[in-house]
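Here is the structure we will look at.
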Amino acid sequence: VVSENGVANRGPYVAAGSFTYATCNGATLNATNTVSTWNFGNTTNTATGNSNFVVVYAARVVNTVTQSATQQQFNNSAQLSYGPGGAAKTTPLTTAPVYLDQPSLAIAKTSSPASGSAVVANQAVTYPLTLTNSGLAPAYDPVLQDTLPAGMRATTPNTVGISMSSGGALTKVAPTYNTTTGVATWTLTGAQYAIPPGATLTVTYSAKTDTTLGAGVTLSNLAQAIHYYSLDSADPNTAFRKDYATGTASASLFTAAPGQLSKTPNVSSAAIGQPFTYTITVPGTALSTALFDVHVHDAISSTTTGVTL
């Protein structure tokens with residue numbers, strides 16, 4: 001209870017205003033904590049004329065409610081039980097609706113060069129990550145995480161810029177980064193990073209392929225907003241806010257795989273017993289990315305080829 005008959009107190013609730021009644025020690029709850037009951041005993045209006053008996057109490061929506069991008073309605077019903085002349089009576093239920101609005105973020109990710117493109121060693125890649133709020137309430141304090149693949153972990157990602165579709169450029173935040181796991185994390189705390197309904201927050205960062213990147217490698221990385229909240233971190237009710245997360249978004253690049261090797265003899269014809277040489281070129285067409293742990297297998301058998309070493 002916040003106040004009773006205009007008098008702010010925290011119980012026990014003694015008579016106040018123009019009424020006399022039994023001291024109430026607060027509401028009692030039913031077994032499932034869904035019904036609150038205040039018992040004021042015999043209540044008398046000592047003023048001339050009609051007066052309102054008013055109880056104001058605080059409530060909150062619990063943070064276990066299911067997320068919804070559309071508005072939800074919660075109905076809270078109350079009634080008065082009293083006993084004039086010892087005969088118990090109750091008033092009809094009075095219902096007061098509360099309308100709940102929640103944020104709902106979706107993540108998207110692109111890259112430059114575009115997803116599906118070929119890259120080479122030591123090449124810069126730019127990744128824009130977008131968070132769009134299709135819900136009806138702001139999304140606060142988003143925490144973005146992107147996991148770079150092996151082959152892109154040697155260089156710490158650099159934040160190029162952060163912007164809001166409804167307000168322009170925001171203060172840049174550098175990510176925390178783990179070179180072993182490739183996990184980069186942007187913690188965007190504060191009012192400027194709150195994403196209003198219908199708005200999009202964009203975090204753009206650059207990364208680099210490793211100098212030792214080899215051929216025939218696929219480079220896929222996965223981004224997600226691992227947290228965003230129903231209230232700002234500065235709100236005094238932070239302990240009760242709801243913690244959300246988005247799905248994931250990915251982009252994939254690759255390095256060119258080697259084609260066939262080239263094998264040519266140094267003669268166009270040879271006599272029986274005549275020595276000659278083969279030249280093997282690996283790969284047959286040159287690549288701009290290194291090959292590691294190369295093994296060449298050449299099946300030479302006099303039985304099948306008529307040639308022996």
Side-chain angles (χ1 to χ4, degrees), residues 107-130 144-160 174-186 203-224 226 247-309:
I107 189 169
K109 177 177 185 176
T110 56
S111 65
S112 179
S115 184
S117 299
V119 292
V120 297
N122 202 36
Q123 179 174 340
V125 180
T126 301
Y127 292 103
L129 309 177
T130 62
L144 265 174
Q145 197 169 86
D146 200 347
T147 303
L148 291 170
M152 294 188 73
R153 295 178 177 175
T155 303
T156 299
N158 175 62
T159 304
V160 176
T176 59
Y177 182 61
N178 186 315
T179 55
T180 301
T181 62
V183 175
T185 304
W186 289 262
V203 175
T204 303
Y205 77 94
S206 62
K208 254 189 177 182
T209 58
D210 296 348
T211 56
T212 56
L213 181 64
V217 176
T218 299
L219 302 166
S220 295
N221 56 335
L222 205 63
Q224 181 184 25
I226 58 173
T248 58
S250 64
S252 293
L253 303 169
F254 69 94
T255 57
Q260 288 183 311
L261 55 75
S262 169
K263 178 181 179 181
T264 56
N266 71 331
V267 294
S268 58
S269 62
I272 294 175
Q274 176 186 345
F276 62 93
T277 61
Y278 286 110
T279 299
I280 296 176
T281 304
V282 181
T285 302
L287 290 174
S288 54
T289 308
L291 296 175
F292 295 92
D293 300 324
V294 176
H295 297 264
V296 176
H297 176 72
D298 195 352
I300 294 180
S301 168
S302 59
T303 302
T304 56
T305 67
V307 178
T308 187
L309 296 178

Could you check Met152 against Asn221 for side-chain contact (heavy atoms from CB on, under 4.5 Å), going step by step and ending with a plain yes or no?
CA-CA 10 Å; Met152 294 188 73; Asn221 56 335; 5.9 Å; no
Could you grab the distance from atom CZ of Arg153 to atom CG of Asn178, nearest 0.5 Å is fine?
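If we round to the nearest 0.5 Å, Arg153:CZ and Asn178:CG are 8.5 Å apart.
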To the closest 0.5 Å, what do you measure between OG (Ser112) and OH (Tyr127)?
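Answer for the OG-OH pair, Ser112 versus Tyr127, is 10.5 Å.
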Main-chain N/O of Ser252 paired to Ser115 side chain as donor or acceptor, under 3.5 Å:
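At least one qualifying donor-acceptor pair exists.
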Any donor-acceptor pair under 3.5 Å from Thr209 side chain to Gln123 backbone:
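Side chain of Thr209 to backbone of Gln123, a donor-acceptor pair under 3.5 Å: yes, one is there.
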Determine the minimum heavy-atom distance between [X] and [Y], stating which atoms define it.
X	Y	value
Leu222	Ser250	CD1-CB, 3.6 Å
Phe276	Ala270	CD2-CB, 4.1 Å
Leu148	Pro157	CD1-CG, 3.6 Å
Gly247	Gln224	O-CG, 3.3 Å
Gln145	Ile226	NE2-CD1, 3.5 Å
Leu129	Lys109	CD2-CG, 3.5 Å

Return a table of donor-acceptor pairs under 3.5 angstrom between the side chains of residues 255-265 and protein atoms on other chains or two or more places apart.
from	atom 1	to	atom 2	distance (Å)
Thr255	OG1	Gly214	O	2.8
Thr255	OG1	Gly216	N	3.0
Thr255	OG1	Val217	N	2.8
Lys263	NZ	Asp298	OD1	2.8
Lys263	NZ	Asp298	OD2	2.9

Intermediate values then yes/no, side-chain contact (heavy atoms from CB on, under 4.5 Å), Thr279 and Asn266:
CA-CA 7 Å; Thr279 299; Asn266 71 331; 5.8 Å; no
Output all residues satisfying side chain to side chain donor-acceptor pair (under 3.5 Å) with Ser206, sequence neighbours left out; order by chain, then residue number.
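None.
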For Pro175, the option from Leu144, Thr159, Val203, Asn158 that meets side chain to side chain contact (heavy atoms under 4.5 Å, CB included)
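Exactly one pass, corresponding to Thr159.
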